Protein chains: 2
Amino acid sequence: MPPASSRPRPTLLDVAAAAGVSKSLVSLALRGDAGVSERTRERILVVADQLGYRPSLTARTLKQGRSMLLGAVISSLDNPYHTEIVAAVEQAAEAAGFSVVLAHGSRERGRLAGRVQQLLDLGVDGLVVVSSWVPEEVLVTAARRAPVVMVGRTATPVAGIDSVNNDDEQGAALVVDHLVASGHRRIAHVTSSTRPAGIARRSGYEAAMRAAGLGAEVRVVRPEPAALDALVQDGTTAVFARNDVEAVDVLDHALDVGRRVPADLAVVGYDDTMLARRARPALTTVQQQRDVMGTRAVALLRERLDGRTDDVHEVLEPRLVVRASA
Amino acid sequence: MPPASSRPRPTLLDVAAAAGVSKSLVSLALRGDAGVSERTRERILVVADQLGYRPSLTARTLKQGRSMLLGAVISSLDNPYHTEIVAAVEQAAEAAGFSVVLAHGSRERGRLAGRVQQLLDLGVDGLVVVSSWVPEEVLVTAARRAPVVMVGRTATPVAGIDSVNNDDEQGAALVVDHLVASGHRRIAHVTSSTRPAGIARRSGYEAAMRAAGLGAEVRVVRPEPAALDALVQDGTTAVFARNDVEAVDVLDHALDVGRRVPADLAVVGYDDTMLARRARPALTTVQQQRDVMGTRAVALLRERLDGRTDDVHEVLEPRLVVRASA
DNA sequence: CTGAAAGCGCTTACAG
DNA sequence: CTGAAAGCGCTTACAG
């Protein structure tokens with residue numbers, strides 16, 4: 001007996017032969033075409049099932065020119081923010097009848113470009129990019145082959161590519177306003193980011209500080225031990241970190257040097273990932289509407305597939321989630 | 001002008017026409033067949049490039065019956081142990097000329113079964129399963145369509161399916177022996193797992209304790225606050241947790257109730273994920289040979305594709321990584 | 001060294 | 001309600 005896995009899979013023709021009909025009829029019956037009698041369909045379904053028939057998506061895709069497959073690209077698998085977005089995209093895609101294949105690039109530009117190419121070669125009908133590391137020219141080239149939507153912001157809008165992201169400036173303002181309302185004045189911003197979202201959060205922080213009359217207190221610091229040490233000792237009472245990961249670093253450092261959070265130092269993050277819930281004390285943070293982002297990303301792709309040609313950039317409102325750290 | 005993304009992609013026929021040759025020749029030239037003159041190949045490559053030609057993997061797969069695609073299935077995206085294994089598989093696959101598509105099941109049996117089906121329908125040449133949650137009958141059915149390799153153990157070997165995993169019993173023994181050598185006698189095991197690997201680590205712990213003459217000290221506890229409290233207060237001096245995630249929980253709890261680690265309580269994990277390096281104090285843990293696991297998983301799949309029919313189960317030796325926590 | 005032809009497994013008008 | 005035929009974009013013997 002040959003190895004089980006080399007047994008050739010049954011085709012439409014096998015089912016047709018076993019059911020004593022033509023293969024066109026099998027195809028029609030399987031997809032529930034109205035012009036097939038109930039009894040015939042029934043019989044064909046039973047035969048197909050007995051044979052363990054599964055339609056070849058490869059053949060169908062070749063014929064239809066559509067794969068019903070969406071590609072999702074993320075920088076790396078180890079950032080909960082990105083994987084949580086992808087989960088939302090998958091859910092929305094599934095609801096729309098698409099499957100999602102996932103690719104990541106270990107945060108390397110070259111790898112990411114390669115993965116985009118690979119997904120395109122695989123025949124995806126559209127691409128969701130959840131990474132600011134994909135080079136712009138790669139996005140532009142990709143968009144000539146299939147619609148592309150960016151989740152999260154690029155430095156400047158890329159022609160031909162839709163986007164959906166949250167309003168980082170407003171998110172930063174929510175944080176600053178919350179801290180000010182709690183009586184803080186010496187509020188520092190911790191960031192190591194050169195990415196567009198990081199830059200937006202930083203400028204949102206600065207604008208909100210000025211708006212609160214605290215322009216003189218603006219202080220931006222990198223999440224490094226020496227800088228954090230200085231910060232803890234110079235009278236800073238609150239820290240807004242550019243994301244949950246860096247907020248947790250601040251948290252750990254503060255506790256290490258004997259500061260209490262939030263009594264001595266209030267700490268706020270961004271993204272509302274699982275890190276925020278797991279942190280101790282639990283992290284006050286900014287939540288993006290992940291489900292909506294996923295739904296809108298898929299919807300934008302479908303509109304492109306239906307022929308839309310003008311670019312759409314959607315901006316969603318974030319909201320503050322107050323927990324124990326601030 | 002039509003939307004960029006709807007511009008039909010060039011085919012072999014377009015390239016042939018533009019180069020003034022037959023499409024067979026283009027196919028041969030593109031894949032570097034020896035029987036095509038250097039000058040002709042050169043010219044064809046240039047034309048293909050100008051047209052932005054990319055071969056259709058869909059058509060190629062349909063014709064060849066092979067996709068050069070491997071599927072990887074993991075329980076969920078939020079477990080660093082699983083995603084780090086997948087990265088190793090991807091690297092090995094790439095080196096062997098395969099691409100990898102990744103699917104996850106949010107730790108739900110039904111979803112996981114669906115993802116396996118989906119990858120198979122996509123036409124993958126083989127499946128790497130990094131999840132003990134995929135129902136056994138799903139694995140068996142899948143193996144009739146394509147070779148399947150389990151990374152990590154199943155409760156009992158599944159006929160027709162290869163596996164590669166580390167020796168959990170030995171890993172547990174390494175931990176116990178290390179703790180005993182450091183003078184510990186009251187060594188508890190923390191676990192919440194009902195999975196095969198968890199069970200193996202637990203029995204490895206028990207066996208090693210008995211072998212060290214500490215059979216009377218065997219103590220197995222769930223990672224829950226009440227149980228951990230009792231443990232911290234009853235003279236236990238060391239804890240071996242079934243994985244890094246639960247070790248970090250123990251760590252946090254011990255520090256919360258004012259115990260010093262490792263002075264008052266030594267803590268050891270398993271898996272050597274990024275959590276272990278990030279923990280404070282950094283976690284002593286057991287490292288599996290992830291790269292080797294990835295390489296062997298891909299190799300086993302290729303052997304099956306080349307016709308091997310008997311089952312192979314590989315067991316790799318883990319090693320202890322001593323850091324600050326024990 | 002090069003071309004004409006068949007076929008992978010589907011779907012979809014087109015006839016009947 | 002059902003069948004014969006063309007074609008999606010490739011690869012691969014087979015001729016020349």
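Note that the structure is predicted; figures quoted are calculated from it, not measured. Order of the sequence lines sets the chain letters (A, B, ...), proteins ahead of strands, with each chain counted from 1.
- In this structure, of dG9(D), dT2(D), dC10(C), it is dT2(D) that holds the atom nearest to the side chain of Leu25(A).
- With respect to Asn166(B), the side-chain contact (heavy atoms from CB on, under 4.5 Å) criterion is satisfied by exactly one of Gln288(B), Arg290(B), Arg153(B): Gln288(B).
- Note on Thr58(A): every side-chain N or O is 4.0 Å or more away from OP1 and OP2 of dC8(C).
- Side chain of Arg195(B) to backbone of Ser132(B): a donor-acceptor contact under 3.5 angstrom is found.
- Put simply, Thr40(B) has a side-chain N or O that comes within less than 4.0 Å of OP1 or OP2 on dT2(C).
- Close to dT11(D), at under 4.0 Å from its OP1 or OP2, lies a side-chain N or O of Ser27(B).
- Regarding contacts with the backbone of dC10(D), every side-chain N or O of Arg31(B) stays at 4.0 angstrom or more from both OP1 and OP2.
- Under the 4.0 Å criterion applied to side-chain N and carboxylate O atoms, Arg66(A) and Asp125(A) are not assigned as salt-bridge partners.
- Between Ser22(A) and dG3(D) there is a side-chain N or O to OP1 or OP2 distance below 4.0 Å.
- When distances run from any side-chain atom of Thr11(A) to the nucleotides dC10(C), dT2(D), dG3(D), the shortest one goes to dC10(C).
- The shortest distance between the side-chain N/O atoms of Ser56(A) and the OP1/OP2 oxygens of dG9(C) is not below 4.0 Å.
- Closest to the side chain of Tyr53(A), out of dG3(C), dC10(C), dT11(D), is dC10(C).
- Between the side chain of Thr40(A) and the main chain of Val36(A), no donor-acceptor pair closer than 3.5 Å is present.
- Looking at the side chain of Val21(A), the nearest of the listed nucleotides dG3(D), dT2(C), dG9(D) is dG3(D).
- If you check dA13(D) for Watson-Crick or wobble pairing at under 3.5 angstrom, you find it has no partner at all.
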